[in-house]
Amino acid sequence: MRTQVAIVGAGPAGLLLGHLLRAEGIDVVVLERQSADYVLSRIRAGVLERVTTDLMTRLGLDARMRAEGLPHDGFNLADGDRLIHIDIAGLTGKQVMVYGQTEVTRDLMDAAPARGLEIIYGAKDVALHDIDGDAPWISFTRGDKKERLDARFIAGCDGFHGPSRKAIPASVGKVFERVYPFGWLGILADVPPCNHELIYANHERGFALASMRSATRSRYYVQVPADEKVEDWPDERVWDELAIRLGPDAAAHMVRGPSIEKSIAPLRSFVFEPMAYGSLFLAGDAAHIVPPTGAKGLNLAASDVAYLSDALIRFFRANDGNDIGDYSRKALARVWKAERFSWSLTSLMHRFPDTDAFDRAMQIAELSYVASSKAMQTAIAENYAGLPL
Ligand code: APR
Ligand code: PHB
């Protein structure tokens, strides 16, 4: 099999890139290890920046997002008893869109057949070959048949654990990493949200987040130790902890109900440089991870593919390889700013195991400064809404 761009991974990065290239008539094949149902069963954050909603609009795949998504003008930070409102719209003129990553993925998946975007699900043993030349290829297994996909370029959109990043020689790459000593226990429940906007709470007992998927479906998180077992958190314990950490006002409006999903996710900051090597480009979680505080993961995947698709389109249209050579530098410049924001909001809002009275006092002082300073609120709002491309 031969194509122009072989994409590894059918998460949001791979699917968005595939559609953007197909829209320009470029041949693409996407190889995904899992089944379509498995990909849709993964629950991730749900706050979209303008860069992401713009790409869905450019593809003409924004109808359901516009109908079912919830545009938000702001969000809240809580410091134990009060809410500090961050007025994104008032401070930046922008909004964010609350629409689950699962729904974005579903919209991209559903549109694939009609747009000639070929996705091979259940592609096992994907391995990259000859990426340092201009005729890279991929070997993989479909069923029990070994197959070969030749391409001009490979886009590694295969998440943190995929093979693409590992195909780059260790002598070329540089890893920057911070693993946080805690995780987020998340629950999804069919109950109305406790507040019309998100609440990120810093409580003495640890962080909590009130989020949502719709007017009738809520998503909540509590910070837990890194080695915590989900079995030790029956629903009532989660609700009790949320009621304490989110503060009395949110607790008064919180409707409890049985969880329909409950899991613990670790928190990590990670950047791999460079994001390109030979004929291979990395995009999304394959190149970088942010902790979920600030919901930047999907939005960074979107900005990566915005840069990468433009560069590839110029290459195939005008035979101009300049943008391709600049992809890694351009993408990393935005990645690092989002890494900084996610790390800084994580540091401000969580209880670290070795937090002493001084550290706690610094967090409280910073939150009171945010509460009283329009400059601080503006800085937070412009990062949360998304920095320009
Ligand atoms: N072969 C083929 N596909 C693979 C392989 C492999 N060996 N390994 C991983 N994949 C697939 C995964 O099954 C997954 O569907 O690559 C896809 C990567 O998707 P994501 O992990 O969703 O990553 P990405 O598309 O970069 O999206 C970034 O997703 O992980 C969240 O928080 C992250 O919101 C961010 C967004
Ligand atoms: C979510 O709704 O799942 C969510 C929202 C905001 C975040 C992280 C997760 O920062």
Side-chain angles (χ1 to χ4, degrees), residues 6-18 29-49 52 70 72 75 77 96-105 108-109 119-128 138-142 149 154-167 184 186-188 193 197-200 207-214 217-221 261 263 265 267-268 270 282-305 338 341-342 345-346 349 384:
I7 299 178
V8 187
L15 291 176
L16 265 176
L17 178 65
V29 175
V30 186
L31 299 178
E32 166 59 50
R33 186 163 58 122
Q34 306 290 353
S35 67
D37 284 346
Y38 182 92
V39 171
L40 284 178
S41 71
R42 292 189 295 231
I43 299 185
R44 262 101 183 236
V47 181
L48 309 184
E49 295 174 9
T52 310
L70 308 169
H72 279 203
F75 69 101
L77 299 175
V96 291
M97 175 73 87
V98 174
Y99 188 64
Q101 175 172 321
T102 312
E103 306 313 317
V104 174
T105 308
L108 294 167
M109 240 181 212
I119 310 171
I120 299 178
Y121 288 100
K124 305 290 182 216
D125 312 320
V126 164
L128 288 65
I138 296 177
S139 56
F140 65 101
T141 314
R142 184 169 9 184
L149 175 62
I154 298 176
C157 302
D158 45 0
F160 185 61
H161 300 286
S164 297
R165 186 181 66 250
K166 294 169 196 149
W184 280 16
I187 59 165
L188 191 66
E197 290 175 345
L198 274 65
I199 303 173
Y200 294 80
F207 170 82
L209 168 60
S211 180
M212 66 198 72
R213 289 291 176 273
S214 70
R217 181 168 283 188
S218 300
R219 179 76 170 153
Y220 287 99
Y221 299 90
E261 196 269 352
S263 55
L267 269 72
R268 181 194 299 271
F270 176 94
L282 303 177
D285 280 17
H288 42 72
I289 297 285
V290 286
T293 331
K296 292 288 167 227
L298 169 61
N299 296 301
L300 271 189
S303 60
D304 288 352
V305 305
F341 178 65
S342 307
L345 197 58
T346 302
M349 300 307 291
Y384 195 88

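In listed order, ligands and their atoms are each counted from 1. Only a predicted model underlies this, so the values are computations on that prediction, with no experimental measurement involved.
Using a distance-only test at 3.5 Å, with no hydrogens or angles considered, no donor-acceptor pair links the side chain of Asp158 to the main chain of Val8. Remark: the backbone N or O of Tyr121 is not paired with any side-chain donor or acceptor of Glu32 at under 3.5 angstrom. In this structure, the side chain of Thr52 does not engage the main chain of Leu48 through any donor-acceptor pair within 3.5 Å. Formation of a donor-acceptor pair under 3.5 Å by the Ser139 side chain with backbone atoms of Val126 is not found in this model. For the pair Arg165 (side chain) and Ala286 (backbone), a donor-acceptor distance under 3.5 Å is present.
Summarising the geometry of Leu17 relative to Ala155, their closest heavy-atom pair is CD2-CB, 3.4 Å, with the distance given to 0.1 Å. Heavy-atom minimum distance, Ala283 versus Ala13: O-CB, 4.2 Å. Nearest heavy-atom pair, Arg42 versus Thr102, reported as atom, atom and distance to 0.1 Å: O-OG1, 3.2 Å. The two residues Ala295 and Ala45 make their nearest non-hydrogen contact at CB-CB, 4.1 Å. Scanning all heavy atoms of the two residues, the minimum distance from Val39 to Gln34 falls at CG2-CB, 4.2 Å.
Close approach of ligand 1 to Gly162 (heavy-atom distance below 4.0 Å) involves ligand atoms 8 (N). Near Gln34, the atoms of ligand 1 lying under 4.0 angstrom from a non-hydrogen atom of the residue are 13 (O). For ligand 1, the atoms sitting less than 4.0 Å from at least one non-hydrogen atom of Cys157 are 16 (O), 17 (C), 18 (C), numbered in the order shown with element in parentheses. Here is the list of ligand 2 atoms found below 4.0 Å of a heavy atom in Arg213: 1 (C), 2 (O), 3 (O). Those atoms of ligand 2 that come under 4.0 Å of a heavy atom in Ala45, given as number and element, are 1 (C), 3 (O), 4 (C), 8 (C), 9 (C). Those atoms of ligand 1 that come under 4.0 Å of a heavy atom in Gly284, given as number and element, are 26 (O). Ligand 1 places these atoms under 4.0 Å from at least one heavy atom of Gly297: 34 (O), 35 (C). Numbered from 1 in the order shown, with element, the atoms of ligand 1 that lie under 4.0 Å from a heavy atom of Arg42 read 12 (C), 13 (O), 14 (C), 15 (O). Close contacts of ligand 2 with Val47, meaning ligand atoms under 4.0 Å from a residue heavy atom, involve 5 (C), 6 (C). Shown in contact with Leu198 at under 4.0 Å from a heavy atom are these atoms of ligand 2, numbered in order with element: 5 (C), 6 (C). For ligand 1, the atoms sitting less than 4.0 Å from at least one non-hydrogen atom of Val126 are 1 (N), numbered in the order shown with element in parentheses. Taking every non-hydrogen atom of Leu209 and a distance limit under 4.0 Å, the qualifying atoms of ligand 2 come out as 6 (C), 7 (C), 8 (C), 9 (C).
Using cut-offs of 30° and 60° on the angle between ring planes, the pair Phe75 and Tyr200 is perpendicular.
For Leu31, every heavy-atom contact with ligand 1 shorter than 4.0 Å involves the backbone, none the side chain. Contacts with ligand 1 closer than 4.0 Å are made by heavy atoms of both the backbone and the side chain of Arg33. The proximity of Val98 to ligand 2, defined as any non-hydrogen pair under 4.0 Å, does not occur for either the backbone or the side chain. The residue Pro292 has no part lying near ligand 1, judged by heavy-atom distances below 4.0 Å. Residue Ile43 does not touch ligand 2, judged by heavy-atom distances below 4.0 Å.
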Can you list the steps and then say if Thr105 with Glu103 is a side-chain hydrogen bond (donor to acceptor under 3.5 Å, both in side chains)?
CA-CA 5 Å; Thr105 308; Glu103 306 313 317; over 6 Å; no
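Inclusion of Gly294 in the set of residues having an N or O under 3.5 Å from an N or O of ligand 2 is warranted. At least one N/O-N/O distance between Ala13 and ligand 1 falls below 3.5 Å. In terms of polar-atom proximity, Ala301 is not counted as a contact of ligand 1, lacking any N or O under 3.5 Å from an N or O of the ligand. Looking at ligand 1, you won't find any N or O of His161 less than 3.5 Å from one of its N or O atoms. Backbone and side-chain nitrogen or oxygen atoms of Thr293 are examined, and none is located within less than 3.5 angstrom of a nitrogen or oxygen of ligand 2. Ligand 2 has a nitrogen or oxygen under 3.5 angstrom from a nitrogen or oxygen of Ala295. For a threshold of 3.5 Å applied to N or O pairs, the pair formed by Pro292 and ligand 2 contains at least one separation below that value. For ligand 2, the polar-atom distance check finds no N/O of Trp184 at less than 3.5 Å from any of the ligand's N/O atoms.
For the pair Lys124 and Arg142, the minimum side-chain heavy-atom distance is 4.5 Å or more. When side chains are defined from C-beta on, Ile119 counts as touching Leu15, because their heavy atoms get closer than 4.5 Å. Counting heavy atoms from C-beta outward, Ser342 and Thr293 have side chains that stay 4.5 Å or more apart. Inter-residue side-chain proximity for Pro292 and Trp184 is flagged as met; some heavy-atom pair is nearer than 4.5 Å.
For atom 11 (C) of ligand 1, the closest heavy atom belonging to the protein is Glu32 OE1, 3.2 Å. Protein heavy atom at the shortest distance from atom 34 (O) of ligand 1 is Gln101 OE1, 2.6 Å. Scanning all protein heavy atoms for the shortest distance to atom 26 (O) of ligand 1 gives Asp285 N, 2.8 Å. In terms of protein heavy-atom proximity, atom 9 (C) of ligand 1 is nearest to Asp158 O, 3.2 Å. Protein heavy atom in closest approach to atom 7 (N) of ligand 1: Pro163 CD, 3.2 Å. Of the protein's non-hydrogen atoms, Arg44 NH1, 3.5 Å is the one closest to atom 21 (O) of ligand 1. In terms of protein heavy-atom proximity, atom 3 (O) of ligand 2 is nearest to Tyr221 OH, 2.6 Å. Considering only non-hydrogen protein atoms, atom 6 (C) of ligand 2 sits nearest to Tyr200 OH, 3.3 Å. The nearest protein atom to atom 19 (O) of ligand 1, hydrogens excluded, is given as Gly11 CA, 3.5 Å; this is a heavy-atom distance.
Between Asp285 and His161, the side chains place no donor N or O within less than 3.5 Å of an acceptor N or O (distance only, hydrogens not considered).
Compare Ala45, Ala10, Ala123, Pro12 by their heavy atoms: the one nearest to atom 27 (O) of ligand 1 is in Pro12. With distances taken over non-hydrogen atoms, the option nearest atom 1 (C) of ligand 2 out of Gly186, Ser218, Ser211, Ala265 is Ser211.
Ion pair Glu49/Lys296 flagged as a salt bridge, since at least one NZ, NE, NH1 or NH2 atom sits closer than 4.0 Å to an Asp/Glu carboxylate oxygen.
Geometric assessment of Arg33 against the ring of Phe140 yields a negative cation-pi assignment under the 6.0 Å and 45° thresholds.
When the shell of 6.0 Å around CZ of Phe160 is examined, it contains more than 12 heavy atoms from other residues, nucleotides or ligands.
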